[in-house]
Every structure is written in C-alpha cells, then in structure tokens.
Amino acid sequence: MLTKEETRNELFTMGHTGCSGCAQSMSVKLIMEILGKNTIATSATGCLEVFSTRWPESSWKIPWIHSLFENSAAVASGVEAALKYMGKKDGINVIAQGGDGGTADIGLQALSGMFERNHDVLYICYDNGAYMNTGYQRSGLTPFDAYTTTSPSGKESFGNNRPKKYMPEIAMAHRIPYTAVSSAGYPMDLQKKVKKAMTIKGAKYLQVDVPCVPGWKYEPRYSVKLAQLAVQTGLYPLFEAEYDKIISVKKISKKVPVEEYLKLQGRFKHLFKDEAGRAEIEKIQKMADENIERYGLM
Amino acid sequence: MSKNIKLMQGNEAIAEGAVIAGCDFFAGYPITPSSEVSEFLSSRLPKMGKAFLQMEDEIAAMGAILGAALGGAKAITATSGPGMSLKQENIGYASMCEIPCVIVNVMRGGPSTGLPTLPAQGDVMQAKWGTHGDHAIIAITPSSVNESLYETIRAFNLAIKYRTPVVILTDEIIGHMREKVVIPDKSEVEVIDVKLPDVPPEKYNPYNYTSGKVTPLAPMGEGYRYHVTGLIHGETGFPSQKTDVIQNAQNWLIDKIYKNIKDIEKFEEFQTDDADILIVAYGSTSRSARQAISMARAAGIKVGMFRPITIWPFPEEQISNLSKKIKKVLVVEMNMGQVILEVQRAACGSKIYGLHIVNGEPITPDNIFAKIKEVSEN
C-alpha cells in the first residue's frame, strides 16, 4: 500500500476521470512507476488521452503529447530521431501509446514504419478490444462473437464475426528486438516486461490486455479477475519474443473453461441464450485450446 | 394512408434516408459525432442483404465506397472533421474519376481533434476545396432531422445524376438532436437508380466530355470495360498529357456542376419580401436565426432569411438578387468567417455584417437578435 505522499509523487497521478474499475489507468500507473521521470510520451486519441488530461488538469508528470488517432508511432519516431540527432537520447525513454484501434487499425501504418526503421521507442498498445472512447464500435482486436455497436448481435448475428488480429505477431514479423504481451491482471508480469524493454535499444512493442467496464459490460469489481481469466482460459496468451522468436510464455496454472470468462461480460450475453449460442461458446473454447497448443501455455 | 412518423436522431435520419434511397453499401470508421450513422446502418443494411463494412481507417472507408460505386452500388460513408481531412485524396479521386458517392460530415469543432462532442460549421470551405486541384463538388446543409432524411435521398440522386461526390454537411447539433420525422414510402420520393449506359459496350466512353451530357457510369461486370485512373484522362478514360484533353477534362469537371446549377440548387427564403435586413444562415444556425427573426419583428425590425440547402455550388444568383433590394446582409455561422466570403462576392452592393461565434456552444437567438439590433442601428 502506498502512502499519501507516495501517491502524490506518482508520475501518473490520481484524480483523472477514468471509469471506476478502469484497467487501462491501472496499467498506465504501473508502467510509469517503472519508466520513471526521464520519459517522453505520445498518446493517440482515445480514452487515455481524454480521461487523463481534462482541462485544466493532467495526470502526467512527464512531457506528454496528444498526437492524432493514427500517428502516435510517427510522432514518437520524430521525437526519438530528433533527440538522437541532438545527442540527447541517452537516458531518455520515448514511449508511444495507443488503444487497440489506434494501434492495429488506423495507426498500423505508422507503427509498421516505426518498427521497420527500428526507432528506440517502446510502443504500448492498451487493448480493450473495441473503440471504447467513441462508444464501443468494433476494432481489429475485438474478440470473436463480442457485441459492439457496429457488430451488433441479434437474430442474424452473434456479434463480431472475425477473430482478433494477431497484432503481437505482426510486430514480431518486423523482427524488432522485443515484443511482449501482458495484462492488467498480472502487475508483476507487466512491470517486469516494461523493465526489460527499457534495457533494449530499438523498437519495442508491448500489448496489454485492459478490461473495460462499460465496453465489456461487467461489474467494476471484476476488472482484474477478467484480465486473469483471459490468461487462465488461454484466450489471451502472455509471452515475450525477441525478434521472431518467442522466448517465454506465462504458463496457465489452472485451466479455466472459456465460459467462466464469457459469462461475466454483457458483450457475450447473447451466447448464453440458446443452443446456437452454446455452439459459439464451443468455437471460442476451441480458439483458446488452439492458443494453449500454439504458444505452449500448459 | 396513415403517415409513418417517428422520433429520430439526426444521424439516424441520415441512415434512414440512405436506406430509402436504395443505398447498397456503407463503409466507415468510428468518429464522434457521426458514429451513429454507422451504428444504425450496421444493423439495417446486413438485414436487407446489403453491405456494411467497418474499415481500418478513414482513408480505407472512402476507398471502399469508391470501389463499391464502380461496381454499381449506391455507396455512402460518414465521418467528421479529422476523418474528412484524411479522406481528401480519395475525394479528389472520386471527382476526377467521376464516381458517384455520398460523404456525410457531421461537423465538430476543429482544426485537428478540435471539439469532438461540440458543434461547429468550420468545414464549409473544406467541403469545397479540401482536396487539391480544380474541381467542383456538391454539398448540402440540412437544418433539421426531417430534412436530413430527405436531403440524404437527394444527395444520392445528385451523386448518380452528376457522377460526383456529394457531401452532406450537418453538424453535431443536427446529428444528435431528436425530432419528428415523416418517413416516406419509396414511392413518394424521387429515387434515381444506377442505370446502364444507353450505348452498347463497344461504343461506351465513360468520360463523355464533349457531349455536354453526363454519361452513366457503367457498373463494372456488366460487360462495359473501361479504364479508371486518377490521372487526367480523355473520354475513353486513358491518361493523356495533350493540352486540349487536359483543358477539356478540367472544364468538364466544373461545367457539369455549374451549368446544371438550376437543377442542383435548393434554398429557402423566409420572410424576405419586406425585409430590411437579410440573414444568411444554414444548418443548425438557421434555426436560431429563425427565432431571432421573430424576436426582431416583434421589436419592429424587419428581418428575413436566406437559407442555402445546397451550399456548394453557392447560390450566388439568389443572394445577388436579394441584395439588390435588401441593403443589409448579416451572415451568421459557427466559424470564423467562411460563407461570408461568398456572400461578400455575391452581394457586393450591400453592406455585409458577420456574426461568427466559435466557442463550442450553438449561436443563440439572443446572440443573433443582439447583432440584428446593432445592424439595424448602424
């Protein structure tokens, strides 16, 4: 437990307008504890930008730039390159941040460029699985069968009909020195990966699973539990990779059926209505099992 | 037959209008304050066996509707300022290749991320000149939820008739407001459908510049093979650097709109007959202006309003005629002065005043009434 004084000294401070139970704000806090004050951050348009910088206040005690939706990685590339050419890069961390839409959809081109040029930047994708800031529209990282406002479920549809994009593997395909996947459910794992990223020169990609109370439609008390269930079911494998090789995975301690994870969330409510929904849950179980196999999670 | 009346949001009315117009295809990307257009169509279109695509970004959304339109679909996308900026190169491509499509821009404060949830009218000039190069475009500014529905149908008609991108410029107020809408049956409204050219494939020239008539865009796959390119092209569609071809192509892009302005224009005149002051206002701002006019008339000041519904091409002739008898013109708009520039050109014999408030709030009737009093005493 932090003292009041320690809380005040945090680099991502309390007082922002994130929802109660917001797993993204928890993750940012944990990440900033490791990065320290010699950090420059860019942030794509999204929840984080909106809830942490409401006029006239900011939760950031570091230089922080709200870029646009699509250019967080490009702006960070510029920050890093300029620091480098001015001889000031040593000892300064440059991070670029975005949500799943800002990273894997509209921001993917800029991110690919940042990877390919191997800028010394840590890119952090806070993955809550949809465009939550604009009202829960689907993104390329929305999970299979999730209800969103642009992938509605109903008589004709079970919601989002495509699996989640394998974004970390897209990062690995760029042969960048470090790719990691972590989760708001595992603070130690998250901080360990940030710490490691800081020791590596070149482009780094970190994707963090951050449950979203209003978007996933669950009780705020379940944020950490859901993040953990995502890992323990095999739906959200946590791993680290160097270049194109996976070097470590977080093992599942006790395998949980996907149903346990799905049933707590309103966005999957339609799967629990009838037999057809049951068959969809089977499909999701199969995806989890395939992940377990593919990443060697057990 | 009883009327089909519904309480509806402006963005929903656009979606409803698109459905009535026979829209086959929507591609978009979430952006406040236009996302509801996409949300409504995400459930409406697939149910009708039509396509809804959420794309990976704004550029792709614009690209997708162009592809769909070339395939013969009636296609629409919806966005707001930042998305409109991203789409611009593709909009120029639509102009150049004469691809019919409808682009909804629910205006919010700008520039850049600006004011995502608050209204503005700062994209009027962008609608005309956002993309590079000489071209003409059609833009429409509905001022109510009901009008949003009917003007969306008209936008599709104009897009197909003149083979051009048509921009529906609404704003956060109209987009998110809920009002009564009279939903027409398809038989009650004019709907222009995509049709095949009236010549056989071997005689088809997709860009019939010299005929002076807009040739229908033959849907790909119907046996009409032709070349589509963003390069300046001749009548066959193949690129050319010949001076006469270039000049013809440039003339055509502008002439096909401006020579048909009588068919494209649409406006409303409100209490202009005896007016001493003419207000020019459009979109949500015209609603406050209407109220301000009754306040002014109650106070003995005769004010009328000219409200462009088609804003591009600009109704220069009407404003010029009105300015011959009304010597004071007040332009009210939620920007720092855009349409006023056009009014200054059209109504050069009158004294032109501007009320430009851009603070994230609607311009109120009181704001306008105060300005009217100032103008009337001036």
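Chain letters run A, B, ... following the sequence lines, proteins first, then strands; residues in each count from 1.
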B/E56/A/I106 under side chain to side chain contact (heavy atoms under 4.5 Å, CB included): CA gap, chis, key distance, verdict: CA-CA 6 Å; B/E56 71 276 21; A/I106 197 169; over 6 Å; no
Contact class of B/L86 relative to chain A, heavy atoms under 4.5 angstrom: side chain
Structural part of B/F40 lying under 4.5 Å from a heavy atom of chain A: neither
B/K180 atom NZ, over 12 foreign heavy atoms within 6.0 Å: no
Atom CD of B/E179: over 12 foreign heavy atoms under 6.0 Å: yes
Rounded distance [0.5 Å steps], OG in B/S38 versus CZ in A/R138: 11.0 Å
Exceeds 12 heavy-atom contacts within 6.0 angstrom, atom NZ of A/K269: no
CZ (A/R162) with more than 12 external heavy atoms under 6.0 Å: no
B/E39 and A/Q137 side chains, donor-acceptor separation under 3.5 Å: yes
Nearest-0.5 Å distance, OG1 of residue A/T148 to CD of residue B/Q54: 6.5 Å
Proximity breakdown for A/T150 and chain B, heavy-atom pairs closer than 4.5 Å: both
Side-chain heavy-atom pair A/P152, B/S42 within 4.5 angstrom cut-off: yes
Plane angle bin for A/Y131 and B/Y29 - parallel if under 30°, tilted between 30 and 60°, otherwise perpendicular: perpendicular
A/E70 portion near chain B, given a 4.5 angstrom heavy-atom threshold: side chain
Side-chain heavy-atom pair B/P82, A/L68 within 4.5 angstrom cut-off: no
